[in-house]
Amino acid sequence: MIYQRQVLKQSHTTAHLAQTMTLLSLNTFELKQQIDSELASNPALEIVEERRCPHCHRVLPPDGICPLCSRPNTNDPTEPVVYISPMDDFFPKRDYTDQDYPDEPISPVTEDLTTYVLRQIATELTKDQQLIAVHLLTNLDDDGFLAVSLMEIARYFHIPVSEVEDVQRVIQLAEPIGVGSTGPNQAMKIQLEVLSEAGLVPEYADEIVEGHLDYLSRRQYAEIAKILGIGVQRVERIAEFISENLNPFPGRSHWGSVRNPSSQETSVYQQPDVIIGFMNDDPKSQMVVEIIMPFGGILQVSSLYKKAIKESEGESKDAMRGDMDRASLFVKCLQQRNHTMQRLMTLLVVTQRAYLTKGEEFLEPITRASLAEELGVHESTISRAVSGKSVQLPNRKIVPMAAFFDRSLSARTILREIISTETKPLSDTEIQKRLDERGIRVARRTVAKYRAIEGILPAHLRQSL
DNA sequence: CTATGGCACGGATT
DNA sequence: AATCCGTGCCATAG
């Protein structure tokens, strides 16, 4: 009997560990699917209504203490605020699957986005412009954004950037409106412009789209209201308008190209799993780190279900208890995951603060193993926590979390700088010496590798510049 | 002789 | 156990 109980307990903890590990390795999108399926299959799980902070309108964590407003003021400013935040659910379309749009007109889908747009604009463009347009349109990603920079195009055609911009402008005004933009921001700005010609665009919508999209996507209306000096209700109405009329991903609503969360290539445009910022956007003040959860509110074992168990009998009672155990296990695992993520991110942003404030050159070359030791967890834990996740940096760039462990990024950044300021082509050995002077010790052979990664030609071929 | 690229080994990661 | 990355060693191109 005792033996059996021990075995049971053992299997329970290993199950716990195994599931925590699995959850840890999921990013926000995958976690959402996992939680949805768990919710659907287990009646003992429920999400209770979210409570929001009366001051900043943020969703409160289970303890009911707002991580920003109710934080004791005695906190060390170097100490980051790390908290769990609900997912950007402002644009529900971003996670749609094919089934969500069963009645979507299929006519244009028979041709691809490139030709569809090209057909619309061909007559408006000169021959030369058409060439540029083709180039631009063949470099669109699934979201309908440019995968190349205008500068590259301009250099490729040997023309000023402004001419490429002219063509881009024409493309953006075609259906789907905003296609060919550099990102959601630009796309939505164009859409607003077009809508405003038809009238009925609320005042301030421009400003919000322009400068406060990140607040908007997190439904922090109070912040926006404060900045613009208007009422929260008014912001909410504008938000509703934006949500209903604008589409931050022009390529998707029409084309529903296969969403492929596993592909790392397009990760630039996906929802980040962690958002790093500064209090009041001031690099000298406290860091604010949000770990994104795919739901608002609190996931817990339903209290109704607990009560129902007490009142039921026999076999159904056992089954219900099983459900409840599974539910509480899941909740525990999720908490465990979030706890690990919080500790990891805290340590990460503290050690990489220089990188976050001053730029890539200051990325500390740390290893996952060293972090694991500091946190007292197994290195595979860190590995799982980091893999497949993306982080939005204070400068709004979204990078894979693994970038924090890139041992060569700072070296490569400095190398780029050295090359761009060199007066005569430097040999790898000379570059190595200059790197060494700036505190980067690498082998000469490695300099060559970095050059290759950065697409920089060897010294004797750089003469022409 | 110097500057680089190819290949393989060892440690870190997955 | 399989894979990636920094390095050392060596061959090859100037």
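With respect to the salt-bridge test (charged N to carboxylate O, under 4.0 angstrom), the residues Asp36(A) and Lys32(A) qualify. Salt bridge present: Asp323(A) and Arg326(A) bring a charged side-chain N and a carboxylate O closer than 4.0 Å. Salt bridge Arg438(A)/Glu361(A): present, at least one basic N to carboxylate O contact under 4.0 Å.
Here the OG1-CG distance, from Thr340(A) to Leu24(A), works out to 5.5 Å after rounding to the nearest 0.5 Å. Here CD1 of Ile440(A) is found 9.0 Å from CD1 of Ile418(A). Values are rounded to the nearest 0.5 Å.
Think of the region where chain A sits on DNA chain C: with heavy atoms and a 4.0 Å cut, that region ends 5' and 3' at dG6(C) to dC9(C).
Within 6.0 Å of the CD atom in Glu454(A), the count of heavy atoms belonging to other residues, nucleotides or ligands exceeds 12.
Remark: P of dT4(B) and CG of Leu461(A) are 9 Å apart, rounded to the nearest angstrom. When the P atom of dT4(B) is taken as reference, atom NE2 of His460(A) falls 7 Å away, rounded to whole Å. The CG atom of Leu426(A) sits 10 Å away from the P atom of dT4(B) (whole-angstrom rounding). Distance, Gln432(A) CD to dT4(B) P: 12 Å, rounded to whole Å.
Residue pairs meeting the ring-ring contact (aromatic ring centres under 6.0 Å, His included) criterion with at least one partner in residues 348-376 of chain A, sequence neighbours excluded, are Tyr355(A)-Phe404(A).
When each of Arg444(A) and Tyr450(A) is assigned the nucleotide of DNA chain C with its nearest heavy atom, Tyr450(A) is the one assigned upstream, toward the 5' end. Where Lys449(A) and Ser427(A) meet DNA chain B, the nucleotide closest to each residue was compared, and Ser427(A) sits on the side nearer the 5' end.
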Close N or O pairs between protein and nucleotides 12-14 of chain B (under 3.5 Å):
from	atom 1	to	atom 2	distance (Å)
dT13(B)	OP1	Arg368(A)	N	2.8
dT13(B)	OP2	Ala369(A)	N	3.3
dT14(B)	OP1	Arg368(A)	NE	3.1
dT14(B)	OP1	Arg368(A)	NH2	2.8
dT14(B)	OP2	Arg368(A)	NE	2.6
dT14(B)	OP2	Ser383(A)	OG	2.4
dT14(B)	O5'	Ser383(A)	OG	3.2

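Among Lys433(A), Lys449(A), Arg451(A), Arg434(A), the single residue meeting the salt bridge (Lys or Arg N to Asp or Glu O under 4.0 Å) criterion with Asp428(A) is Arg451(A).
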